[in-house]
Amino acid sequence: MYFSKLVESICPYVAGEQPQDKKYIKINTNENPYPPSKEVEKIIKSYDYSSLRLYPDPDSNVLADSLSKIYNVGKENIFLGNGSDEVLAMCFPAFFDPNDLPVAFADITYSFYKVWANMYKINTHVIPLNDNFEIEANDYINLGNKVKGIIITNPNAPTGIILDKQDLISIIKANKDKVVIVDEAYVDFANYSMAEYIKEFDNLLVVRTFSKSYSLAGIRCGFALGNAKLISALNTIKNSINSYTVNRLTQAVAKAAIEDRDYFESNINKIVQTREWTITKLKELGFYVLPSSSNFVFAKHIECKGKDLYLNLKKNGVLVRHFDLDRIRDYLRITIGTQEEMEKLIETLIEIM
């Protein structure tokens with residue numbers, strides 16, 4: 001009786017489980033299995049804790065400076081937030097209107113999009129992936145005036161499949177009067193990014209995170225790259241909710257992480273190598289595995305049900321992600337852990353099958 005109609009009606013996003021009953025090999029939430037850069041450790045150990053009495057810089061200028069050099073853009077092209085989830089959440093009120101033309105996204109993609117759309121009363125135009133769980137570019141090229149904007153996760157989640165770059169460029173060109181948001185949470189494990197195209201396309205917004213490739217899921221930092229007008233719109237929403245979204249320590253830690261390029265590239269290479277090893281071993285065990293350009297794989301066994309495998313793995317101390325949804329309920333999303341963790345996964349699968 002004390003709650004809004006929104007609270008009573010909305011179905012919130014469900015994060016990956018974090019059980020505390022015993023020690024697990026935790027490969028269910030797409031975290032990086034390796035620690036952050038040693039430069040991050042130095043920042044934390046030497047940080048002047050007394051400075052935490054002060055509010056953080058609302059524009060995260062020091063971190064934005066580093067990002068501007070790495071991506072060769074101006075600070076006016078950068079928006080920072082409390083994880084890419086917050087950045088994406090702010091995109092909905094920034095670019096779409098309640099009860100107006102819908103925002104388009106795939107039927108199998110990051111499930112938070114539907115939650116935010118419901119939260120802000122934004123209509124949705126859901127486009128099915130094809131039978132191979134791929135985005136059909138023509139479905140987005142031929143939208144015409146049906147939608148106000150598009151969100152594409154690339155590589156997609158939970159499938160791990162990346163869209164051909166030329167197809168994505170064609171989608172952006174065909175929708176010049178609409179914002180096209182490309183969620184690149186996993187792109188560092190792939191072979192290209194759209195970040196270099198924000199100068200070419202005014203309607204392109206690229207959203208990135210420090211959670212996956214920089215091993216910083218625990219500090220909550222994400223950012224968007226785009227035309228200055230798009231960034232200004234996001235700042236308008238942010239400063240209408242909370243001007244201080246990125247705390248002081250997070251700004252310092254993220255700057256240290258992103259500037260250690262050698263460690264970053266080494267980490268990526270290890271994960272990609274282990275990903276390819278894991279795919280090979282899963283196929284040897286009778287799994288069908290979708291092609292992955294991310295730090296996880298999406299696989300189903302030709303004989304075993306996904307839920308049964310998920311429960312048996314959990315019972316044996318291995319956590320993977322299972323989505324009890326149409327089209328994908330027999331699939332498991334398996335985060336790439338260390339080589340040792342993935343070897344344990346394969347051993348456990350052999351035992352339970």
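Keep in mind that what you see is a predicted model, and the values were worked out from it rather than measured.
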**Q** So, does Asn123 use its side chain to make a donor-acceptor pair with the main chain of Asp100 at under 3.5 Å?
**A**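 Yes; at least one donor-acceptor contact below 3.5 Å.
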
**Q** To the nearest 0.5 Å, what is the distance between CD (Glu341) and CD1 (Ile346)?
**A**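 Nearest 0.5 Å value for the CD-CD1 distance: 13.0 Å.
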
**Q** Within 45 degrees of the axis of the six-membered ring of Tyr34 and under 6.0 Å from its centre: does Lys270 put its NZ or CZ there?
**A**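 Yes, cation above the ring, under 6.0 Å and within 45°.
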
**Q** For Thr159, does its backbone N or O pair with a side-chain atom of Asn156 as donor and acceptor, under 3.5 Å?
**A**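 Judged by distance alone, no pair lies under 3.5 Å.
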
**Q** Can you label the angle between the Phe298 ring and the Phe133 ring as parallel, tilted or perpendicular, going by 30° and 60°?
**A**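 The arrangement is perpendicular - the two ring planes meet at more than 60°.
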
**Q** Quick check on Asp131: does its CG atom have over 12 non-hydrogen neighbours (other residues, nucleotides or ligands) under 6.0 Å away?
**A**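 No - once you tally the heavy atoms of other residues, nucleotides and ligands closer than 6.0 Å, there are 12 at most.
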
**Q** Which heavy atom in Arg333 sits nearest to a heavy atom in Phe323, and how many Å separate them?
**A**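 In terms of heavy atoms, the two residues are closest at NH1-CZ, 3.9 Å.
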
**Q** Side-chain contact, heavy-atom cut-off 4.5 Å: Lys26 with Gln18?
**A**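 In contact.
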
**Q** Do Tyr113 and Ile108 belong together in a cluster built from hydrophobic side chains that touch within less than 4.5 Å?
**A**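 Per the 4.5 Å side-chain linkage, Tyr113 and Ile108 are not co-clustered.
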
**Q** State, yes or no, whether a side-chain contact exists between Leu345 and Ile25 at a heavy-atom distance under 4.5 Å.
**A**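 In short, these two side chains do not touch, never coming nearer than 4.5 Å.
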
**Q** Once rounded to the nearest 0.5 Å, what's the spacing between atom CD1 of Ile135 and atom CD1 of Ile127?
**A**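 Spacing of CD1 (Ile135) from CD1 (Ile127) equals 8.5 Å.
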
**Q** Grab the two heavy atoms, one from Gly16 and one from Thr29, that are nearest each other, plus how far apart they are.
**A**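 Nearest pair, atom of Gly16 first, then Thr29: CA-CG2, 3.6 Å.
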
**Q** Is the shortest heavy-atom distance from the side chain of Lys281 to the side chain of Met342 under 4.5 Å?
**A**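 No. Closest side-chain heavy atoms not under 4.5 Å.
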
**Q** Does any part of the side chain of Ile219, heavy atoms only, come nearer than 4.5 Å to the side chain of Leu249, both counted from C-beta?
**A**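 Sidechains of Ile219 and Leu249: no contact.
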
**Q** Of all heavy-atom pairs between Cys304 and Met353, which one has the smallest distance, and what is that distance?
**A**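 Looks like SG-SD, 4.0 Å.
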
**Q** Can any side-chain N or O of Asp59 pair as donor or acceptor with the backbone N or O of Asn61 at less than 3.5 Å?
**A**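 No; zero donor-acceptor contacts below 3.5 Å.
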
**Q** List the atom of Ile171, the atom of Ala137, and the distance in Å for their closest heavy-atom pair.
**A**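 The answer is CG1-O, 3.9 Å.
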
**Q** Would Phe79 and Met194 show up in the same hydrophobic cluster when neighbours are defined by side-chain heavy atoms closer than 4.5 Å?
**A**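 As far as the 4.5 Å side-chain criterion goes, Met194 and Phe79 are not connected within one cluster.
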
**Q** Could you tell me whether Arg53 atom CZ has more than 12 heavy atoms of other residues or ligands within 6.0 Å of it?
**A**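 For Arg53, atom CZ is not crowded (no more than 12 foreign heavy atoms under 6.0 Å).
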
**Q** Relative to each other, are the rings of Phe296 and Tyr186 parallel, tilted or perpendicular (30° and 60° limits)?
**A**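 The arrangement is perpendicular - the two ring planes meet at more than 60°.
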
**Q** Would you say Glu136's side chain and Glu134's backbone share a donor-acceptor pair under 3.5 angstrom?
**A**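 Between the backbone of Glu134 and the side chain of Glu136 there is no qualifying donor-acceptor contact (under 3.5 Å).
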
**Q** What class does the angle between the rings of Tyr331 and Tyr288 fall in, given that below 30° is parallel, 30 to 60° is tilted and above 60° is perpendicular?
**A**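 Perpendicular.
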
**Q** Between Ser266 (side chain) and Asp262 (backbone), is there a donor-acceptor pair under 3.5 Å?
**A**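 Not a single qualifying donor-acceptor pair exists.
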
**Q** Between Asn295 (side chain only) and Ile271 (backbone N and O only), is there a donor and an acceptor less than 3.5 Å apart?
**A**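 Not at all, since once roles are kept as given, no pair shorter than 3.5 Å links the two residues.
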
**Q** Verify the neighbour count for atom CG of Asn145: are there more than 12 heavy atoms of other residues, nucleotides or ligands below 6.0 Å?
**A**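 Result for CG/Asn145: open.
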
**Q** State whether the side chain of Glu200 and the backbone N or O of Tyr197 hold a donor-acceptor pair below 3.5 Å, judged by distance alone.
**A**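 Judged by distance alone, no pair lies under 3.5 Å.
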
**Q** Hey, is Glu8 close enough to Lys5 for a salt bridge, meaning N to O under 4.0 Å?
**A**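 Looking at Lys5 together with Glu8, the answer is no, because their closest N to O distance does not fall below 4.0 Å.
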
**Q** Indicate the atoms forming the closest heavy-atom contact of Asp188 with Ser213, along with that distance.
**A**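 Looking at all heavy atoms of both residues, the closest pair is OD2-OG, 2.5 Å.
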
**Q** Side chains of Ser211 and Arg220, heavy atoms from C-beta outward: is any pair under 4.5 Å?
**A**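 Result yes, sub-4.5 Å side-chain heavy-atom pair found.
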
**Q** Distance from Leu313 atom CG to Asp308 atom CG, nearest 0.5 Å?
**A**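 Separation between the atoms: 11.0 Å.
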
**Q** Output the distance between atom SG (Cys91) and atom CG (Leu205), rounded to the nearest 0.5 Å.
**A**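 Going from SG on Cys91 over to CG on Leu205, the span is 5.0 Å.
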
**Q** In terms of side-chain geometry, is the basic nitrogen of Arg261 or Glu265 positioned less than 4.0 Å from the acidic oxygen of its partner?
**A**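 Between Glu265 and Arg261 there is no salt bridge, as every charged N stays at least 4.0 Å from the carboxylate O atoms.
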
**Q** Hey, does the side chain of Arg327 reach the backbone of Leu129 with a donor-acceptor pair shorter than 3.5 angstrom?
**A**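 Flag set: sc Arg327 to bb Leu129 pair under 3.5 Å.
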
**Q** Please check if any side-chain donor atom of Tyr192 sits under 3.5 Å from a side-chain acceptor atom of Asn154, or the reverse.
**A**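 Yes, a side-chain donor-acceptor pair sits under 3.5 Å.
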
**Q** What I want to find out is whether Lys42 reaches Glu39 closely enough, with some N-O distance under 4.0 Å, to be called a salt bridge.
**A**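 So Lys42 pairs with Glu39 through a salt bridge.
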
**Q** Backbone N or O of Val297 within a donor-acceptor pair of the Arg275 side chain at under 3.5 Å?
**A**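 No, Arg275 side chain to Val297 backbone: no donor-acceptor pair under 3.5 Å.
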
**Q** Say whether Val246 and Ile258 are linked into one hydrophobic cluster, either directly or through other cluster members, by side-chain heavy-atom distances under 4.5 angstrom.
**A**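 Both belong to a single hydrophobic cluster.
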
**Q** Answer with yes or no whether the hydrophobic clustering places Ile150 together with Ile172; edges join I, L, V, M, F, W, Y residues whose side-chain heavy atoms lie under 4.5 Å apart.
**A**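 In one cluster with Ile150: Ile172, yes.
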
**Q** Working to the nearest 0.5 angstrom, can you tell me the gap between Thr250 OG1 and Phe210 CZ?
**A**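 The OG1 atom of Thr250 sits 10.0 Å away from the CZ atom of Phe210.
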
**Q** Using 30° and 60° as the class boundaries, would you call the ring planes of Tyr110 and Phe112 parallel, tilted or perpendicular?
**A**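 Perpendicular.
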
**Q** What are the two closest non-hydrogen atoms of Thr274 and Gly337, and how far apart are they?
**A**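 Between these two residues, the closest heavy atoms are CG2-O, 3.8 Å.
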
**Q** For the side chain of Lys229 and the backbone of Asp202, is there at least one donor-acceptor N/O pair under 3.5 Å apart?
**A**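 No; judged by distance alone, with no hydrogens or angles, the pair does not exist.
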
